[in-house]
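Here is how names work: the chains are called A, B, and so on, in the same order as the sequence lines, proteins then strands, and each is numbered from 1.
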Protein chains: 2
Amino acid sequence: MNADALRGHLDALLLSVLEHEPRHGYAIIEALRERSGGALDLPTGTIYPALRRLERAGYLASEWATVGGRKRRTYRLTGAGRAELAGERSAWTSFTTVISSVLDPSRPDPSR
Amino acid sequence: MNADALRGHLDALLLSVLEHEPRHGYAIIEALRERSGGALDLPTGTIYPALRRLERAGYLASEWATVGGRKRRTYRLTGAGRAELAGERSAWTSFTTVISSVLDPSRPDPSR
DNA sequence: GGCTACATATAGAGAGCCTACATGTAGACT
DNA sequence: AGTCTACATGTAGGCTCTCTATATGTAGCC
C-alpha cells in the first residue's frame, strides 16, 4: 500500500473503526490490520498523531484507563465524529466513482 | 474534490488520459474535466509539474509543436508508462477494495 | 485597447504520512 | 538475572505532492 494513496482517507478509516465501540490506539492498528486482511499495517507514528488531530477537531474524545498494569488512552466517536464519518463515506463513494470513470480502460477510439 | 484525496492517484489519471492518444497539458486538463463529468478541474500548477515528473520518471515523452501560432508540448506514453499504467490500475483496484472493506458500515455486533 | 480562451511554467506554502527514536510495563524463556 | 517479545504511547523531522499565486505570451473578438 503506497503511502500517498492513503492520504486524505485515513480519517475515514479511523472513524469507521471506532463506530461501534471505543478502542485505544494499539487496538485500532490491530483492527485495521484485521479488517483489511493484513493490507493495512500502519505505524504508530501515523496513528497516534492522527488520533490527536481528530480529537482536536472534535470528532473523537478520549479517556485514560489502566488495564493489566498498562495505560491506555481510549478513543470514542463524538456526535460530530459520527456526522463526519457519514460525510467521509459519501465522499469516498463519489471519489471512487470519479477516479474509476477516468481510469476506465475501455476507451477504444470514440470516432469510427 | 479534496486535494489530499487525489494524492498518489494523479499519476494514474494522467497516464490513463494519454493511453490512446498524445495530448498537451491544456488538453489533458480538459480531458480530465470531461471524463469526470466536471468533478476534476485541476489547476495548471498541479498538472504541469506532474507531467514533468512523469517524464523524468520515464513514463512519458514530450515534443514541442506549434499549432495556430501557439506552442504546445505534447506528451505521449512510453513503453514503461504503459506498464506503469497497468500497475496503477491494479493498485487502484486493490486500494479501493481494502478501503471499502474497512469503511463498510454494516458491522452490527459480531457476538450475539 | 481590453477581454477571453489558449498555453506553459515556477516559487513557495501547506499538510499529512512515514521513519526513527524515546520510554515504559508484563510475561515468558533461558 | 538477563533477554526477548508483545503491549502501549508519544514526538521530531523529513519527504513528497498538490495547490495558490504569479509570470509570460499568442490569437481572436468586440
(request) Starting from C1' on C:dA7, measure out to CD on B:Glu63 and report it in whole angstrom. (result) 18 Å
(request) Can you sort out which residues in residues 4-17 of chain A have a heavy atom within less than 4.0 Å of DNA chain D? Ascending by number, please. (result) A:Asp4
(request) Please assess B:Leu60 against B:Leu14 for the test side chain to side chain contact (heavy atoms under 4.5 Å, CB included), listing each intermediate value before the final yes or no. (result) CA-CA 10 Å; B:Leu60 298 181; B:Leu14 294 175; 5.6 Å; no
(request) Specify the angle, to 10°, made by the local axes at the two ends of the helix from C:dG1-D:dC30 to C:dT30-D:dA1 when five pairs are taken at each end. (result) 0°
(request) Write down the distance between CG (B:Leu40) and C1' (D:dT18), rounded to a whole number of angstrom. (result) 13 Å
(request) Calculate the interatomic distance between B:Ile47 atom CD1 and D:dA21 atom C1'; express it in whole Å. (result) 17 Å
(request) Measure across A:Leu18 and A:Pro22 and return the closest heavy-atom pair with its distance rounded to 0.1 Å. (result) CD2-C, 4.2 Å
Using the 3.5 Å cut-off, write out each protein N or O paired with an N or O of nucleotides 11-13 of chain D and the distance between them.
unit_1	atom_1	unit_2	atom_2	d
D:dT11	OP2	A:Arg52	NE	3.4

(request) Please report, rounded to the nearest Å, how far the C1' atom of C:dC18 is from the CG atom of A:Leu32. (result) 16 Å
(request) Can you measure from CD1 (A:Ile99) to CG (A:Asp104) and round to the nearest 0.5 angstrom? (result) 13.0 Å
(message) Checking A:Thr44 now: which residues fulfil side chain to side chain contact (heavy atoms under 4.5 Å, CB included) with it, not counting sequence neighbours?
(response) A:Ile29, A:Tyr48
(request) List in chain and number order the residues that pass side chain to side chain contact (heavy atoms under 4.5 Å, CB included) with A:Arg73, two or more places apart in sequence or in another chain; answer none if no residue qualifies. (result) A:Arg52, A:Glu55, A:Ser62, A:Trp64, A:Tyr75
(message) Rounding to an integer number of Å, can you tell me how far B:Asp41 CG sits from C:dA5 C1'?
(response) 14 Å
(request) Could you state the atom-to-atom distance from CG of A:Leu42 to P of C:dA20 in whole Å? (result) 16 Å
(request) Can you sort out the partners of B:Ser36 under side chain to side chain contact (heavy atoms under 4.5 Å, CB included), two or more places apart, ordered by chain and number? (result) A:Val98, A:Val102, B:Ala39, B:Leu40
(request) Identify the heavy atoms of B:Gly25 and B:Ile47 that sit nearest to each other, and give their distance. (result) O-CG2, 4.3 Å
(request) Please collect all salt bridge (Lys or Arg N to Asp or Glu O under 4.0 Å) contacts where either partner lies in residues 23-33 of chain B, sequence neighbours excluded, each pair once. (result) B:Glu21-B:Arg23, B:Arg33-B:Asp41
(message) Are the side chains of A:Arg35 and A:Val17 in contact, using a 4.5 Å heavy-atom criterion?
(response) yes
(message) In this structure, how many angstroms lie between the C1' atom of D:dG10 and the CG atom of A:Leu54, rounded?
(response) 16 Å
(request) Using heavy atoms and a sub-4.0 Å distance, could you list which residues of residues 80-87 of chain B are near DNA chain C? By number, please. (result) none
(message) If the condition is salt bridge (charged side-chain N to carboxylate O under 4.0 Å, His left out), which residues does B:Arg53 pass it with, not counting sequence neighbours?
(response) B:Asp11
With a 3.5 Å cut-off and sequence neighbours excluded, list the donor-acceptor pairs that the side chains of residues 77-96 of chain B form with protein atoms.
unit_1	atom_1	unit_2	atom_2	d
B:Thr78	OG1	B:Gly58	O	2.6
B:Thr78	OG1	B:Tyr59	O	3.2
B:Thr78	OG1	B:Ala80	N	3.4
B:Thr78	OG1	B:Gly81	N	3.0
B:Arg82	NH1	B:Glu19	O	3.4
B:Glu84	OE1	B:Tyr59	OH	3.3
B:Arg89	NE	A:Leu103	O	2.7
B:Arg89	NH1	B:Glu19	OE2	3.4
B:Arg89	NH2	A:Leu103	O	3.1
B:Arg89	NH2	B:Ser16	OG	3.4
B:Arg89	NH2	B:Glu19	OE1	2.9
B:Ser90	OG	B:Gly87	O	3.4
B:Trp92	NE1	A:Ser100	OG	3.1
B:Thr93	OG1	B:Arg89	O	3.1
B:Ser94	OG	B:Ser90	O	2.8
B:Ser94	OG	B:Ala91	O	3.4
B:Thr96	OG1	B:Trp92	O	3.1
B:Thr96	OG1	B:Thr93	O	2.9

(message) Going by the rule side chain to side chain contact (heavy atoms under 4.5 Å, CB included), which residues pair with A:Pro49 if we only count those two or more places apart in sequence or in a different chain?
(response) none
Give me the distances for all protein-to-nucleotides 4-7 of chain D N/O pairs that come in under 3.5 Å?
unit_1	atom_1	unit_2	atom_2	d
D:dC7	OP2	A:Tyr26	OH	3.1
D:dC7	O2	A:Arg70	NE	3.3

(request) Answer whether the closest heavy-atom distance between the side chains of B:Leu42 and B:Ile28 falls below 4.5 Å. (result) no
(request) Please state how far atom CZ in B:Arg73 lies from atom C1' in D:dG25, giving the value in whole angstrom units. (result) 16 Å
(message) On DNA chain C, compare the nucleotides closest to A:Arg53 and A:Gly69; which residue's is nearer the 5' end?
(response) A:Arg53
